[in-house]
Amino acid sequence: MVSKLSHLQVELLGALLESGLTKETLIKALSEVEPYVLQSESQRAINALQTEKGEPCPDIPNLPNGMGESRLSEDETSDDGEEFTPPIMKELENLSPEEAAHQKTVVDRLLQEDPWRVAKMVKSYLQQHNIPQREVVDTTGLNQSHLSQHLNKGTPMKTQKRAALYTWYVRKQREVAQQFTHAGQGILTEEPMGDDLPTKKGRRNRFKWGPASQQILFQAYERQKNPSKEEREALVEECNRAECIQRGVSPSQAQGLGSNLVTEVRVYNWFANRRKEEAFRHKLAMDTFSGPQPTSAPPLTPHNSSSLQPPSALSPSKVHGVRYNQQPASEAESSSSNHHGNSSMVTTQTILHQVSPPGLEPSQNLLSTDTKLVSAPGGTLPPVSTLTALHSLEQNPHALSQQTQNLIMASLPGVMAIGAGETSSLAPAFTNTGASTLVIGLASTQPQSVPVINSMGSSLTTLQPVQFSQQLHPSYQQPLMQQVQSHINQSPFMATMAQIQNPHALYGPKSEVAQYTHTGLLPQTMVITDTANLSALTNLTPTKQAFTSDSETHTESGMHTPVSQAPTIHLQNQDTTIQHLQPGPRLTSSPAVSSSSLVLYQSSDSANSHSQLLPSTHNVIETFISTQMASSTQ
Amino acid sequence: AGKAHRLSTEEREQLLPNVRAVGWNEVEGRDAIFKEFHFKDFNRAFGFMTRVALQAEKLDHHPEWFNVYNKVHITLSTHECGGLSERDINLASFIEQVAASLS
């Protein structure tokens, strides 16, 4: 009877009904239109009303949870299903007989199978559709820990509970199928996917990035950290398509993704978070750098290189990190023994140093001198900002030799060789007659000296190894200019690496490199600010930069190498801004980076399209290996 | 909605007697009709009002009304024409129907 309805409610309901509402419509409306408003009483009222009217409504969920999936695809009702036996079981009542029977048979069949196998199936389904375990737990009443263990490790689960799980699984599949087929039909259809139950936490499941989407995003991130709205929208489409494909659904049914649908806002947030992450890594690196002095050579404290993708260490292919070519990778690695580990880190640092012996005579000096990288950590930082010697590509790695430890920052006009050198002092501006290659001596230097990076501290380590392929050296005979000044800021940082050999060296094309030879400026400047993360290895077009080291006195001017065109690498300690070295006319100028970030510039042709300067705002410099470079480094 | 033109004298002569017969009175000073309804209790009164309201929305013609507990005073007039119109008559009829069903 009217049971729990007040008279007024009955009246009102009656009024509604008399106004032309059919019962069906009313019931549907109750579920659909006011999902959040419905309380269990109203559900009961519906039932009551129906009962009053003498019409059973099998579709109405008896469960306050409103899991009445059968006809109503959403479940918006309140969730006090917990009072009842696992809501999911109750739902059975709600289904039409055939559906219920069908589901039961499927569940029974599953129960008879090997539980572990079924568990694997269920687990992979969850992964495929990015369904949080919480959803399962809420609807089945299972214990989350138990469920997780059962699915992941095969911990035994009693039949009764497994039945609940399988029932959920079967139902969910149906829901999802419906969801996808009703893809455009509005929110209602999304609900089942979003959350089976109006969870206590909210209506929908929390969005989660799928692996396919993440891959797409990371690739885009490499290309550009700050995509515009149009690009974001394109990414949205791409990601949704990928997610649908992953689920085996046609991309046109993207709405079926429900709570895991990718939107521009989510993409925007993803990018923002990655940028912040970088900055944070950089900051950590800085901290580590300036914190504990490295006892041993590798000043690089392994900064979260882990944050960077696990280095395949010198693998040039790393997308996310700084990629340096390291010539003596092995050396680097060995030196990096200290690092907690990331050999990659070490290498990265060493990378900075690319030395190609030949041709760089002068640079050799630089290198030898020093690459004294300011190795802050080690306390070996030379008083003067050490500029890593710029080594041309041809320079001998050995020349650099141990200098690695410090970052060599070459403020110079263009050449900075960052040589990891033990001596921190960098040779005073080097003028390279030859190609001004700012070689970040890292490469050639002994491992420990991961030069530039070192000084930066672990931060550099975080950078993925910048791989300056040594291979590049040979190709470039062009001597890089080594204008590197030896100012290398000690510790703090700025290791600007002047060019990394020929910028193109990294990139591969020899022809380009050749061009630089003539420029007095470093074709490549690697500016590492802040040591910390040489995350950016960008094609620098060397810009003149003044490099200031905070502790060091070097003023920017000091840093400049005589070479007129030499790009100056300007590193600012304090905030370790990275300035771009501007090698010269050929080089494209890159914006100065104000924050301490290492920017590796590879001088490249003006045509260089890869210069990517990380915004100074981030302390982390990400090195992007231009495609050219990548290829060359391969 | 029905026509919103003011009822002519002939039309009034035709239609008003019907509603007057069931208890609607013309208001002094304005061209409107008025009636008071009493119900057993608030619930019924409000149920009545709900029904009327739903219909009013449908017709897009709304009454002026007042309610206190089980009493409902309704005044009907058409704003667009500044007086009585067919819509008022229609709504009045409907109201009567509803009231009858509730009483």
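All chains are named by letter (A, B, ...) in the order of the sequence lines, taking the proteins before the strands, and each is independently numbered beginning at 1.
Rounded to the nearest 0.5 Å, atoms OG1 (B:Thr50) and CG (A:Leu8) are 7.0 Å apart.
At most 12 heavy atoms of other shown residues, nucleotides or ligands fall within 6.0 angstrom of atom OH in A:Tyr268. Enclosure of atom NE2 in B:His79 is not indicated, since only 12 or fewer non-hydrogen atoms of other residues, nucleotides or ligands lie within 6.0 angstrom. Annotation for B:Phe39: atom CZ counts as buried by contact number, over 12 foreign heavy atoms lying within 6.0 Å.
Closest approach of A:Ala15 to B:Gly47, counting heavy atoms only: CB-O, 3.9 Å. Shortest non-hydrogen contact noted between A:Glu11 and B:Arg44 is OE2-NH1, 3.3 Å.
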